[in-house]
Structure formats: C-alpha cells, structure tokens
Amino acid sequence: MKKYLHFLGIETSCDETAVAVLAVEPEDGLGTENKVQVLKSLVSSQIPIHIKYGGVVPEVAARSHVPETVSLITQTLANHPIDTMDAIVVTRGPGLATALNVGLEAARVLAAFSKKPLIGVNHLEGHVASAWLNAENRARWEFPVLVLLVSGGHTELVLMRDFCRYRIVGRTRDDAAGEAFDKSAKLMGMEYPGGPKIAELAQHGSPSAFSFPRPMLRDGSFDMSFSGLKTAVRQCWESLPHRPMFNEKKPDQLFCDLAASLQAAIIEVLVEKTMTAAKKYRVKGVALVGGVSANTALRETLQTRLQKDLPSTSFLPSDRAYVTDNAAMIAAAGYWRFQKGDVTDWSRIDVRPEWNLSV
Amino acid sequence: MNPFILETILDGDAFVSTLLPMLHPHTILALSGPLGAGKTTCVQALARALGISRIPTSPTFSLVRTYPVKHHPSIKKLIHVDAYRIEYEEDIRVLGLEELLLEEGTLLCLEWPENVAKWLEQQSNVVRIQIALASDGRRILVQS
C-alpha cells in the first residue's frame, strides 16, 4: 500500500480563518493520477460561534483571527495529530499584513515544535489549486492551463505553463468582478454584499432589458475594467420613473431585469477575455476559480463557449465547496510546492502582503 | 486653509496638480463620496502623478494596499485604505494604520472615512476631499 502524504493548511489572508488537512497519494509526483482527499476543511465564518468557542465568545474585535485560528487548529489536530503531517502549509500573501501574520505565526510555532517542513504559498496559487482538488479536473489537467480567477477582491487571467509557474496575462484595472456585483446591488438598495442575490434575481429577469457597458471588450488586451458599471447602474437607476424598494421576499420584476442585464454585462466581459486569451495561448484547459465562479450563469456560459469554439480544451471549474477562501486549496498548493522542494525554514519565513503571483 | 471647491469632470490631472502641494509624509487624504463618485479614480490619478508604476485597484476587499513612490522628494509610499467594509470602528486597529503612518514618507489615502470617523478625529494632518455627483460631472470640495 502506498503511503499518503498529509498536509496541514492554514489560511488567514483577509476575512476568513481556515484550516484543512489534505491527503495525497503521490503515485507519480505531480501527474494526473494523484489520489487526493480533503480529510478536513474548516472555514470560520461557516461555523456557529458557540461551536467555535464552546459558548464563551472572546472579547475581541470582529476581524481578529487569533481566537479563530487557535480554535480551528485545535479542532483539526484533535483528529489529525501533528505527527501524522508531512508538511505545514500557510498563506504568506497577498492580504492584510496583520491577518496574514496570525496564520504565519501559528504555522511557524507548529513547524518549530514538530520539526515538520514549512511551506509558504501565495493565496492566488491556492485559488488556482482549488480546481485541482476535483478528481475529474486532475485527470484532464494538461498544460498550458488558463485560469480565470474571479472573486470579491481579484479578477485575474493567469497563464499556467507548469505547476508553480504563472504569468498574469490580464487583470482588472479597477474593481474586481465580484465587487461590481456587490456594489451594483448596493446601488439598487440591496444589502452589501449582494452579489449572490444578483445571480438569484437574474434567473427571473431579461438580460437585454437594460444596456450596460462592456468596457475594454475589444481593446486587444486581456485587462478588464468594472468600475464604470457602478456609474452606469446609478444613472440607469436614477433615470427610472419609478424606483421600488427592494423587497427580499417579493422582489419587483424590475430588480430581476436589472440583475440579469448587469450579470450579462459582467459575464460577457469575463468570458470574451478568457476565450480570446485561451485561443492566443493555445491552452489545453481553462480553469474557473474564486468566489464569483459559484455563479451558475458564468459557469454555463464559459463551458458552452469552450465547447463551441475550442472543443478540445477542457473546462476545469472548482467545486463550489472550494471557490471561496478555504485552507484545502492552500494545502493543495502546498503539495505542489512540496513536490518542487520549495520548503522554507520556519525561522526565515515572513508575510508578503503585496505578493504577486507571476514568477 | 479654507475649504475650496474645484469643479471638474474627473480627468484627474488638473485636480491632482492642485492637490499635490497639500500632501506631505504622514498626511491622511480622506476621500468621501457616494459609490461610483470616483474616489479610487482620484487615488489612481495621484498614483500616476507620483510615478507609481502599478496603478492602484480598488482596495475594498483587501482593505490595505501599499505602493512604493518613485518620483517625489519626501513621499516614499502611498498606502491605499478602504473603510467601506469596516462595520465596527474598533476594527480599524486590525489594519495597523498607526504603525504604517509612522513609517518614513508615508502618505495614507483613506476611502469611506465616515466609517472610522472617531479614529480620524484623533489624527493630525488630515486633508479632506468630498466628491459630489452633479449632472455635468463632479464637484470636489477640498479642506485641510
């Protein structure tokens, strides 16, 4: 029986605290035959507070990662002792320095005491690796792969020629796609962040009811811009003769039409840029990762376009369970780094709040 | 300085040349205005004027971004902060802004200062910008 390698992943780069254990059977290093199992994946915001702290809520600011990190690591190590780990993986950046430091210091202490190797990974590499957690994607994973990374904070087109080799070929010049969803929803009187609500309403609306701009669609670059959508949505909203209040239970058809039109504009830009880049770089796979990739219309549109225009290119979307920030994806990226021998001494590792993915 | 109103369609450059002499190390530039008013666009124009090569993107999600400044005698870095997602004012401590402000040559651009009003009152060297939307463009109120 082949030995599984175990990786403890720790993620605290921004809002979420997450801890996970990943087991990989490295049959052929970084080949397509790897058996990969997420043994545990805890994400703080998804755990009720009384379970996290056993009824005692600590007196700390809402964004403090310290008690969350301690709680999640304690729960994880109870079932998966540190002795069984082959490496400890932690997000070094990009992110908020004070938040990153919490995870990094926890990982540093664990590595120092357990004498296990420590691996620092890029948060965006983690998102890329989230697509590789899916077994069907792994079986079809052939380089070059183009990754569309879309979330509340990131909108990037990443060209991947090998594991751990990335080049950002396009990115947003202002707002992230997820932010465009969230802030446009706010402008229509919905709670922030209203991105998922927009996707839901859009199912019942007409995408051609309103005409929103598709900036930079044919400018020849793979860069994007979503900031102008806010102005367009505001002007559209203010020009309406009748502006109903947003009622969560019984939304006016107007909101469905606005949502569908807005979503169509964002998706068209994302899909067109991805398709053009996929053709230019002759990629064998297109991965779709990040929180916005939970959007069903985006998944379906990109998949349909790939099937039609590039039928030999595999569509590699992350499972919905791993699209938002989590530590299983961090552990997976850590496994890639482990295979390349990219291990850092616990006494030398530091955070990199402005870390770029391109290497 | 008394407040003054600058009427402009926000193309940036004219506005920035007025603003730049008011900015020094350890200054906080507080930018107010509704969603889509052009706060980040202002910071982008400022970044270009300061010779920053990587043009700032929205910091709403990341909260804090740092950009090294090349073409200024005393400002060495621009810190771009967005308090839009700060729900409880005490959460601003997590951003570590006091330490960042103490570092040499730091200029701090702060969007949505309303969300951290109490914290901002305790700071010295604040330049306030209020962007209002008008039918013919934007009106910008500057106060220091």
Side-chain angles (χ1 to χ4, degrees), chain A residues 12-15 59-66 93-102 123 151-156 171-180 182-188 192-193 223-235 237-238 290-291 325 352-354 356, chain B residues 9-10 33-45 47-48 52-68 77-100 103 111-112 115-116 119 131 133-135 137-138:
Chain A
T12 61
S13 68
C14 197
D15 294 2
E59 284 186 53
V60 288
R63 281 181 201 278
S64 171
H65 289 269
V66 175
L96 191 59
T98 52
L100 288 163
N101 263 313
V102 174
H123 179 77
S151 68
H154 292 281
T155 300
E156 253 114 27
R171 54 158 43 111
T172 179
R173 292 191 181 166
D174 37 57
D175 293 1
E179 189 178 348
D182 290 337
K183 288 190 172 169
S184 299
K186 177 81 184 171
L187 286 167
M188 300 177 212
Y192 182 90
D223 281 352
M224 293 161 257
S225 165
F226 294 106
S227 171
L229 267 177
K230 292 194 298 262
T231 312
V233 169
R234 173 194 296 285
Q235 283 169 350
W237 178 249
E238 287 176 357
D325 290 356
R352 296 176 171 181
E354 300 291 336
N356 266 328
Chain B
I9 44 165
L10 201 66
L35 274 183
K39 300 179 292 296
T40 299
T41 309
C42 270
V43 177
Q44 289 180 331
R48 265 190 290 271
I52 292 171
S53 49
R54 190 164 49 96
I55 292 307
T57 52
S58 167
T60 298
F61 186 81
S62 54
L63 305 169
V64 180
R65 299 299 305 269
T66 305
Y67 302 89
K77 65 179 139 186
L78 185 155
I79 312 241
H80 192 186
V81 180
D82 194 341
Y84 185 70
R85 299 196 305 128
I86 303 268
E87 218 177 326
Y88 306 102
E89 175 133 13
E90 61 267 33
D91 282 348
I92 196 170
R93 284 182 307 160
V94 182
L95 306 187
L97 298 187
E98 275 97 348
E99 292 80 38
L100 289 170
E103 288 174 17
E111 299 191 30
W112 295 95
N115 290 359
V116 292
W119 178 84
I131 309 174
L133 293 162
S135 54
R138 269 97 170 163

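For the numbers below, each heavy atom of this structure counts, side chains included, while hydrogens, waters and symmetry mates do not. Sequence lines set the chain letters: A, B, ... in the order given, protein chains first and strands last, and positions in each chain run from 1. Note that the structure is predicted; figures quoted are calculated from it, not measured.
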Review point. When the ring planes of Tyr84(B) and Trp112(B) are compared, do they come out parallel, tilted or perpendicular, using 30° and 60° as the limits?
Key: tilted

Point to revise | Contact leader toward chain A among Arg65(B), Arg54(B), Gln44(B), where contacts are heavy-atom pairs under 4.5 Å | key: Arg65(B)

Review point. Between Thr40(B) and chain A, which part of the residue has a heavy atom less than 4.5 Å away: side chain, backbone, both or neither?
Key: neither

Exercise for review: Let me know if Pro56(B) has heavy atoms under 4.5 Å from chain A in its side chain, its backbone, both or neither.
Suggested key: backbone

Review point. Given a strict heavy-atom distance threshold of 4.5 Å, which part of Arg234(A) is in contact with chain B: side chain, backbone, both, or neither?
Key: side chain

**Study point:** Counterpart residues, ring-ring contact (aromatic ring centres under 6.0 Å, His included), relative to His80(B) (two or more places apart)
**Key:** none

Point to revise | side chain to side chain contact (heavy atoms under 4.5 Å, CB included) against Thr172(A), all qualifying residues, sequence neighbours excluded | key: Thr155(A), Asp174(A), Phe226(A)

Point to revise | Salt bridge flag under 4.0 Å for residues Asp175(A) and Lys230(A) | key: yes

